[in-house]
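What follows is a single structure, written as structure tokens, with notes after it.
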Number of protein chains: 2
Amino acid sequence: MVLDTATAQRQVLDAADALFYERGVQAVGMDAIRAASGVSLKRLYQLFPSKDTLIEAYLDRRDALWKSMLAEHVDAATDPRARILAVFDFLSDWFQQRDYRGCAFINSFGELGTVSPRVADLASQHKEGFRQALTELSKAAGAADPDRLADHLILLSEGAITRSAISGTADPAARAREAATMILDASLKS
Amino acid sequence: MVLDTATAQRQVLDAADALFYERGVQAVGMDAIRAASGVSLKRLYQLFPSKDTLIEAYLDRRDALWKSMLAEHVDAATDPRARILAVFDFLSDWFQQRDYRGCAFINSFGELGTVSPRVADLASQHKEGFRQALTELSKAAGAADPDRLADHLILLSEGAITRSAISGTADPAARAREAATMILDASLKS
DNA sequence: AGGATCGGAGAACGTTCGTTCTCCGAGGTG
DNA sequence: CACCTCGGAGAACGAACGTTCTCCGATCCT
């Protein structure tokens with residue numbers, strides 16, 4: 001069975017995503033990705049010349065996918081305050097996925113943050129992107145200090161992400177949403 | 001140089017703690033722990049019959065140490081509301097440590113949560129202990145719903161823990177403290 | 001003092017991993 | 001048909017790992 005470059009790459013990334021996310025990057029060997037993707041080892045290495053390259057591609061794709069899912073939820077609402085709360089509905093949906101295992105960037109950072117500056121950078125950029133999205137939403141809602149409000153909201157979000165992973169329940173999303181409404185009430189005097 | 005069991009154990013745990021925490025559990029070999037502890041491999045294995053045992057001991061000690069440091073900060077305050085806010089001062093102190101790398105339990109869970117139920121359990125228990133401490137503090141402060149308040153506070157704490165690790169600054173502790181005061185103002189109508 | 005016990009240093013073993021290499025068949029081109 | 005290129009299957013390689021073993025000197029008991 002011969003595959004064109006684009007589909008081979010997609011199959012490898014699909015396999016890498018599933019395995020890396022479920023078991024962590026270090027616990028997954030290139031041979032497991034070969035087996036799961038159905039792509040030969042030779043081809044795998046000409047698509048991604050090293051495991052590090054593949055890890056980077058895995059994180060890049062996660063980042064793009066995550067951002068688009070977030071935007072989808074947020075854009076379903078029009079009221080500025082509802083758009084902020086939609087973030088927590090997005091989290092709730094995410095946490096309910098059967099294979100939810102926390103944030104890939106937090107997990108990868110924990111595994112490789114000291115040893116791989118590249119992974120540390122990607123994690124930092126991913127979180128910075130989230131922070132900027134929250135800042136925009138806060139501005140649109142007329143917050144007096146949008147940066148500060150964004151900081152408060154991101155703390156609730158990140159807390160929910162890790163708590164949901166460790167407890168194995170989606171509940172933290174609802175708790176974070178409650179806390180967010182309190183913070184919004186105090187920050188948006190309108 | 002011959003060491004009694006107690007000091008050998010302590011030296012091994014000291015080395016394991018430093019290395020596991022800095023580089024992650026999987027990235028540290030038993031030989032690195034031998035070298036850093038100055039204890040022979042033979043002795044190391046009679047103190048801790050496997051790497052898994054050592055990882056467990058590492059997490060156990062982290063849990064105990066963490067709890068005692070938290071209690072120390074909390075007990076320095078007497079006013080119930082100040083005792084809650086002291087949690088965030090503790091986090092701030094923790095984040096400013098030169099080698100701060102996030103929560104060992106979150107990191108280990110990300111690395112081994114799927115593959116090691118023991119580690120998943122320890123992480124879950126550690127976080128549950130924190131939650132109970134916050135519930136007690138919330139009760140003492142006269143919260144109408146102490147469980148819920150504890151949930152909100154823990155989200156801020158966990159969020160600060162991971163954000164501080166990834167951003168490399170201690171700032172999130174101050175942001176979490178601000179958000180906590182808002183939540184307290186809304187939850188403790190007194 | 002002599003024998004037994006213990007621990008230190010580090011070699012050794014079996015496995016796994018990242019990466020490369022070899023061999024071979026399939027398909028396109030003259 | 002002859003030739004060349006490409007990719008697949010998987011062996012091979014060198015390093016690292018967790019764990020065990022060997023050898024040997026020190027210490028303790030009687």
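Chain naming here is simple, since letters A, B, ... match the order of the sequence lines and numbering starts at 1 in each.
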Checklist line | Earlier contact from the 5' end, DNA chain C, for B/T5 and B/R34 | finding: B/T5
Check: Can any side-chain N or O of B/Y100 pair as donor or acceptor with the backbone N or O of B/I161 at less than 3.5 Å?
Finding: yes
Notebook entry, point to check: Does B/V25 offer a backbone N or O that forms a donor-acceptor pair with the side chain of B/E111 under 3.5 Å?
Noted result: yes
Note to self: How close do B/L13 and B/Y58 get, counting heavy atoms only, and between which atoms?
What the structure shows: CD2-N, 4.2 Å
Check: B/T78: what forms a side-chain hydrogen bond (donor to acceptor under 3.5 Å, both in side chains) with it, not counting sequence neighbours?
Finding: none
Note to self: Just verifying a value: how many Å separate B/K139 NZ and B/D145 CG, rounded to the nearest 0.5 Å?
What the structure shows: 11.0 Å
Output the rounded distance in Å from [atom1] ([X]) to [atom2] ([N]).
X: B/L47; N: C/dC6; atom1: CG; atom2: P; result: 14 Å
X: A/Q46; N: D/dA9; atom1: CD; atom2: P; result: 13 Å
X: B/L44; N: D/dT19; atom1: CG; atom2: P; result: 10 Å

Note to self: So if I define the base as every atom that isn't primed, P, OP1 or OP2, how would nucleotides 11-21 of chain C read as a B/S/- string at a heavy-atom cutoff under 4.0 Å?
What the structure shows: -------SBB-
Check: Do the side-chain N and O atoms of A/H126 and A/D63 include a donor-acceptor pair separated by under 3.5 angstrom?
Finding: yes
